[in-house]
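First comes the structure, then the notes that go with it.
Heavy-atom basis, side chains included; hydrogens, waters and symmetry copies ignored. Chain naming here is simple, since letters A, B, ... match the order of the sequence lines and numbering starts at 1 in each.
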2 protein chains.
Amino acid sequence: MSRSKQPTIDDVARVAGVSRATASRVINNAPGASGLLRARVHEAVAELGYRPNEAARALASGRPRVVDVIAVSCNLPGGWLGSNPYYSRVLAGMMPLLEGTGAQLRVHALSHESAAEALDEISAGVTLGAVLSDITPALAARFHRLCRRVVSLVPTAATVPAMVADNAGGAYAAVTHLHGLGRRRIAAIHGPAISTCAADRRIGHLRAVQRWGLADVSADAGFTREGGYQAALALLDRHPDLDAVFVACDLMAAGVVQALTACGRRVPEDVSVIGFDDSVAAICVNPPLTTMRLPVEEMAAAAVRLLLSGDIVPGHRSLFPAELVERESTGAPKS
Amino acid sequence: MSRSKQPTIDDVARVAGVSRATASRVINNAPGASGLLRARVHEAVAELGYRPNEAARALASGRPRVVDVIAVSCNLPGGWLGSNPYYSRVLAGMMPLLEGTGAQLRVHALSHESAAEALDEISAGVTLGAVLSDITPALAARFHRLCRRVVSLVPTAATVPAMVADNAGGAYAAVTHLHGLGRRRIAAIHGPAISTCAADRRIGHLRAVQRWGLADVSADAGFTREGGYQAALALLDRHPDLDAVFVACDLMAAGVVQALTACGRRVPEDVSVIGFDDSVAAICVNPPLTTMRLPVEEMAAAAVRLLLSGDIVPGHRSLFPAELVERESTGAPKS
DNA sequence: GATAAGGGCGAGAGCGCTCTCACAGGAAGC
DNA sequence: GCTTCCTGTGAGAGCGCTCTCGCCCTTATC
């Protein structure tokens, strides 16, 4: 087996002519080893091509070097992943922080059915902690009870520490932006009720509606382009005079723009459309979507930083503001 | 510490009144334990809430339970991740297979600079194997030398086992499709030369150009919408009479459609556009893109299946065909 | 020069598990 | 009733590493 050929720390110690303890000290850059021996050990490491065995390290030290990322598909019909680049942004935000620490990233993409059991499993593992990137509040709370080292990226149970986007604030800002452009008959297309993000965006929309004295004209859809398309058609049927649409995600907004165009409405002249997420969909739509960008990378990085630091306060909540990205799908009304 | 409260297999054995060996047998569902003791052990496990320690398992058995997924950003300017849902599809294809085995997924998103060192690190780890989802041939070959349990999802050095999409065949089919629609002045927009996928698509295009006696009118761009947009403008400037464009990825194709529209060309009446990948961009563009869909999930699943089976043959290569997805960006010429 | 103090170093005990081996006890064969 | 062969079980030796001790040698202090 190649396994037996893998050099161990004992080999390093023998070659360097030191004890295993000293070799360990040098390898882990711990104090208590003289410069002379340090050099000898480093030499031996290089000569043998020695690489520490992660499993043995984890076992002996009890110090975990893994960050779990957990996503339970609760929103998207085709599973949590599919076409969603959100998770790519999450991972991209985390990697730079982990690179320095030697910690590694374990990804769990769970179906809703297998989630409960899998979470039990994960919570028992030796881990720096888990980042919940998509999960229902009930599952999050359950997981948090089993394992305290948890940070959520989505709004969940109040006890679970969270780095969340200000979805409500973003939705409020989006609608307010439309209002500021002179739009008054602003409709909304919301995401599925099971998604807490969608729920918060709904709240923000409602707040803006009340603030600006608008009518609450809303439709629901799954977070899909097709859903947005259909919802827009239905909305247009009931309210042919609408002059703006707030859409809870860009993918749906793409469908909305397509439906509006198909129905002979000009975007943005007749109807302004604002999306949410600033995903790749936003720039592919014609015209490119004005949207609310969430600092997903920053949130993910903050979550990892919290886990690495170790002092995780239950109930902690950081709110990350959404930022308006103006493109061409919004503007003042023109006839 | 909560750590000391975590029950061990010895606790289970004691509570069940059996030896550690028997407890281990039952927990691992190994033969050689009677039904009576099995029940007692299971009872003890449930009572204590025992969960095996992964690190200890890995160390004692030497049997790895981790699959590494490695992506080195060599193509995309904003890093390998960013807006690319490709990796989501890769992970989605893998998860179902791993779920049953208890193996876990470790993701490494490396910058091109840190890649070499990180690959050394990873290759030394105890792992079922690594799936290379984006990497240069040189790095892949180097990694393969260090660690035999490797499967690539992109075309790389010939020795590295690979589950790759038939990029050349897909490009050939795409151009042939355009030709079949009656298009004769077909331009191409290729991806960056460093990407082996882009290179293969280029080859397929060239093959089709030769087969159908077309002129080789090509431009290069990064795999971005902006790149596609600019390349299309340049192409249109040099060849104002082109009647079709083969674009090496959907995101670029989105830019191409936008450029064509901005220049007063109708898609598909004046110019047909065909993309590649069937990513989310394809359905957001107006008109929705005809594109070549790659069975990414299947490829990823096949890679994992190979790693799990263990018999990885150097040089093995499975080719997965690309499938034409017809939408509205292609059609016969109309004036 | 004796004692104290301190830092470098090695011995060795685990970490929690797997797995080999030896052994007990019962069934089968002569 | 003896040997032979199972099959079920337990003892115990590691897996490769970390980390606590305690030893020893050096340096400071009187």
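A sub-4.0 Å separation between OP1 or OP2 of D:dG10 and a side-chain N or O of B:Ser19 is present. When the side-chain nitrogen and oxygen atoms of A:Ser24 are compared with OP1 and OP2 of D:dC17, none of them lie within a distance under 4.0 Å. Taking only side-chain nitrogens and oxygens, B:Ser61 never comes nearer than 4.0 Å to OP1 or OP2 of C:dT18. Between B:Asn28 and the phosphate of C:dT18, there is a side-chain N or O to OP1/OP2 separation shorter than 4.0 Å. For A:Arg57, a side-chain nitrogen or oxygen approaches OP1 or OP2 of D:dT18 to under 4.0 Å. Residue B:Ser34 has a polar side-chain atom (N or O) positioned under 4.0 Å from OP1 or OP2 of D:dT9.
For the pair B:Arg89 (side chain) and B:Leu294 (backbone), a donor-acceptor distance under 3.5 Å is present. Panel note: side chain B:His42, backbone B:Arg38; a donor-acceptor pair is recorded below 3.5 Å. At distances below 3.5 Å, not a single donor-acceptor pair connects side-chain atoms of B:Thr127 with backbone N or O atoms of B:Val67.
Nearest-nucleotide positions on DNA chain D place A:Ile9 closer to the 5' end than the other of A:Arg25 and A:Ile9.
Residue A:Ala33 is in sugar-phosphate contact alone, with no base atom involved, counting any heavy-atom pair closer than 4.0 Å across all strands shown. Backbone-only engagement by B:Pro52 is indicated by non-hydrogen atom pairs under 4.0 Å involving sugar-phosphate atoms exclusively.
For the pair B:Asn53 CG and C:dG16 C1', the computed distance is 6 Å after rounding to whole Å. Atom C1' of nucleotide C:dG8 and atom CG of A:Leu36 are separated by 12 Å, given to the nearest angstrom. Counting to the nearest Å, the P atom of D:dC17 and the CD atom of A:Glu54 are 10 Å from each other. As a whole-Å value, the separation of B:Tyr50 OH from C:dG16 P is 10 Å. Rounded to whole angstrom, the span from the CG atom of B:Leu37 across to the P atom of D:dT7 amounts to 16 Å. The CG-P distance, from B:Leu59 to C:dG14, rounds to 17 Å in whole Å. Going from atom CD of B:Gln6 over to atom P of C:dG16 covers 9 Å, rounded to whole Å.
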Trace of the side-chain contact (heavy atoms from CB on, under 4.5 Å) decision for B:Gln104 with B:Leu98: CA-CA 7 Å; B:Gln104 311 204 297; B:Leu98 295 175; over 6 Å; no
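For C:dT18, its base never sits under 3.5 Å from the side chain of B:Arg63 at any donor and acceptor pair.
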Distance-only donor-acceptor hits, side chain of residues 47-59 of chain A, under 3.5 Å, sequence neighbours excluded:
from    : atom 1 : to      : atom 2 : distance (Å)
A:Asn53 : OD1    : A:Ala55 : N      : 2.8
A:Asn53 : OD1    : A:Ala56 : N      : 2.9
A:Arg57 : NH2    : A:Asn28 : OD1    : 3.0

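Between A:Gln6 and A:Asp11, the closest heavy-atom pair is O-OD2, 4.4 Å. Across A:Pro161 and A:Ile312, no two heavy atoms sit closer than the pair CG-CG2, 3.5 Å.
Looking only at side-chain heavy atoms (C-beta outward), A:Phe143 and A:Val160 stay at 4.5 Å or farther from each other.
Both key distances under 3.5 Å define a Watson-Crick or G-U pair, and stretches of 3 or more such consecutive pairs in DNA chain D run C:1-30 with D:1-30.
Listed nucleotides: D:dA11, C:dC17, C:dG10. Nearest to the side chain of B:Ala56: C:dC17.
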